[in-house]
Every structure is written in C-alpha cells, then in structure tokens.
Q: 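One structure follows; several queries about it will come next.
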Amino acid sequence: MKALVLAEAGKIAIEDRDFNDVLGDNDVQIKIHSVGICGSDVHYYQHGRIGPFVVKAPMVLGHEASGVVLAVGNAVTHLEVGDRVCMEPGIPDLNSAQTRAGIYNLDPAVRFWATPPVHGCLRETVVHPAAFTFKLPDNVSFAEGAMVEPLAIGMHAATKAGIKPGDIALVIGAGPIGVVTALAALAGGCSDVIICDLFDEKLAVAANYEGLHAVNIKTGNLPDKVSALTSGNGVDLVFECSGAKPAIATLAEHAAPGATAVLIGMPIDVAPMDIVAAQAKEITFKTIFRYANMYPRTLRLLSSGKLRVQPLISQTYKFVDSVAAFERAAAGHASDIKIMLEME
Ligand code: ZN
C-alpha cells in the first residue's frame with residue numbers, strides 16, 4: 001500500500017510498502033480517510049528526532065486520524081464494517097500497572113503512532129485495537145474526527161485543572177494546542193478564556209470564538225485584560241501552552257491567589273521559574289502528558305456543538321500532495337492552525 005515515509009531528517013516520500021498487518025480477534029482494520037499534520041510530525045521531518053526519540057529507520061508519519069472500518073476481529077462487538085471512526089494513536093500494554101490504574105498514557109511501554117520506531121497512520125489502511133477505536137457520531141465529519149487527537153490534549157488539561165463553572169482562565173500560547181485547550185476550557189465551564197501570544201496571525205482565529213479574548217502580549221495589554229475580567233484578582237486557571245521560558249518564569253504573575261496552573265507546553269530544556277511568587281499565591285501545579293480516556297467525551301462535545309473545530313482547519317491537501325503539505329507545515333505560517341490530509 002501507499003504510505004508517507006520519513007527516511008531521515010528532511011527526506012519524505014510516498015512509497016509502496018507492505019506492513020504485514022495481522023487482524024487479531026480484538027482488532028479492526030481501518031481505511032484511513034483524514035490525517036492531521038501535527039507539530040511532532042513536522043519536527044521529525046525537519047530534525048529526525050524529538051529529544052530521546054530518534055528516527056533510526058524509515059518511519060511512516062501521522063497520528064491524528066479518522067477512517068472507515070474495513071474488517072473486524074472475531075471478538076469485536078462495538079464496531080462493524082462501514083462504521084466511521086477515529087483512533088487513539090497510543091496503544092498501551094493492557095497489563096501494565098499504569099494501564100490498570102487508569103493512567104495508560106503513562107505506561108512506559110506505550111506504542112504511539114509515528115514515535116520511533118512505531119509507524120504512523122499516513123497510509124492506506126491500518127490494523128488497530130478496537131478498544132482504542134471510536135465510532136464517529138453521524139454529525140461529526142472525518143476532519144473533525146482527526147481533530148479529536150489534539151483536542152484530547154486540551155480536554156485532558158481542562159479535566160486536570162478541575163474547572164469550576166464560571167472560572168476565568170488564561171491560556172499562554174495560541175498554537176494548535178493553545179487554541180484547543182482554550183476551547184476545551186470553555187466547553188468545561190469557564191465563562192471567559194484569555195488567550196495570549198506574540199503573533200496576531202495566530203490570535204486571529206481564536207478571536208472569532210465567543211468567550212475567547214485574544215491578546216497580543218507585545219501590546220502590553222495583558223495585565224489590563226486580566227484585571228478587567230477578574231476585578232483585579234487574577235485568573236483562576238493558567239494553561240501554559242507555549243513552552244517559552246519567559247512565560248514559564250513568570251507563570252504566577254497573572255494568577256489569582258489559590259489558582260491552578262497546568263503545564264502543557266514542553267520547553268526545549270530546563271526552564272527556571274519564580275517559585276516564591278508561586279508560593280506566595282499557593283499556586284497548584286499540574287502537568288500533563290498526552291491524555292487518557294478523553295476520546296468519548298471529546299466526541300460527545302463535538303456532536304453537541306459545544307466544541308467547534310472547523311475554523312481551526314486552515315488547509316486541506318490530498319494524500320498525493322503530502323510532501324507539499326509537509327513543506328507548507330514546515331514553513332511555519334503563523335496563520336496556519338491545522339493542515340489536514342485526505343487520503344483520496
Ligand atoms: Zn498530534
């Protein structure tokens with residue numbers, strides 16, 4: 001079958017490959033329909049590695065996918081041939097201590113699509129565990145189905161933050177993860193979410209959502225916006241999605257006393273922080289790594305209309321034009337939120 005293969009940094013091509021996929025009793029075979037290009041795919045394309053994960057052998061890219069069920073294993077009961085589905089890209093060891101504790105995202109043995117040495121899903125079909133395959137509601141499109149993966153990160157952050165109805169949040173960073181986190185925070189009960197960045201082009205899409213307040217940090221208006229919305233108290237929740245050292249260093253600045261901060265963005269190396277400023281406000285810190293058990297609830301919110309992601313899809317390319325799509329993504333246009341690939 002055709003697949004988009006990363007041979008080494010800077011070298012991707014559509015190739016014919018045989019994967020020898022075997023359909024187990026608890027698996028489904030899926031014809032891929034839509035795949036979103038993630039920042040991690042682009043990073044592997046440009047650098048051939050992310051931290052300790054190094055591409056040592058040719059690897060298929062892609063992990064944000066939806067498709068149609070082609071075949072079901074003998075023991076599968078909740079899916080049938082023809083179902084429209086989306087897939088969770090991380091497959092944990094079902095017997096691990098972490099999986100049994102419900103934190104399967106932290107299983108050290110998790111096999112995650114397009115994380116070396118595991119092949120991703122930018123290929124015609126995949127075989128996947130039915131337990132990590134979810135039926136799309138009729139009113140959720142394939143593109144929205146592929147968006148569930150990045151959305152799940154925002155949903156996990158919103159869940160960990162312990163949002164109370166009417167909370168006011170600040171999201172730092174308006175990249176794809178910043179925007180989906182802001183949308184998840186709104187869907188989770190925040191009345192207002194301030195989202196800040198250094199680039200107007202990134203903020204433009206967020207500014208169109210009701211309840212989102214887009215602020216360019218360079219204008220110097222962020223303290224005023226926080227103060228105006230919170231009567232001078234500071235925000236209840238801070239979602240750090242930039243990974244930028246200056247943002248992390250001053251994380252407590254805009255937070256209310258007793259606030260919760262969730263660290264989502266990954267700084268490229270050790271990031272210092274003003275601990276005393278955080279202590280003086282008794283800030284509770286949470287961290288997240290990917291997500292667990294977020295797909296069903298994310299699909300419910302997409303179906304209900306409480307999460308709207310169509311405006312986040314900036315460009316759609318056909319699979320045959322994958323290389324051009326990756327070049328576009330690697331060029332880093334600030335106005336691009338999500339580039340989507342369609343298999344046909
Ligand atoms: Zn992703």
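Atoms within each ligand, like the ligands themselves, are counted from 1 in listed order.
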Q: Say whether, by atom type as modelled, one donor and one acceptor occur between the side chain of Lys281 and the main chain of Ala255 under 3.5 angstrom.
A: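 Yes, the answer is positive, given that a donor and an acceptor are paired below the 3.5 Å cut-off.
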Q: Between Ile50 and Tyr44, is there a side-chain heavy-atom distance shorter than 4.5 Å?
A: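 A side-chain contact exists here, since the closest heavy-atom pair is under 4.5 Å.
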Q: Of all the atoms in Asp41, is at least one N, O or S atom closer to the Zn ion (ligand 1) than 2.8 Å?
A: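 Coordinating: no.
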Q: Taking the six-membered ring of Tyr45 as reference, does the cationic atom of Lys11 (NZ for Lys, CZ for Arg) lie under 6.0 Å from its centre and within 45° of its axis?
A: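 Here Lys11 fails the 6.0 Å and 45° test against Tyr45.
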Q: In Glu149, which N, O or S atom comes closest to the Zn ion (ligand 1)?
A: OE1
Q: Between Tyr209 and Arg308 (side chain of the first, backbone of the second, donor and acceptor by atom type, cut-off under 3.5 Å), is there such a pair?
A: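 Pair found, side chain donor or acceptor close to backbone of Arg308.
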Q: Only N/O/S atoms count here: what is the atom of Glu64 closest to the Zn ion (ligand 1) called?
A: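 It is OE2 of Glu64.
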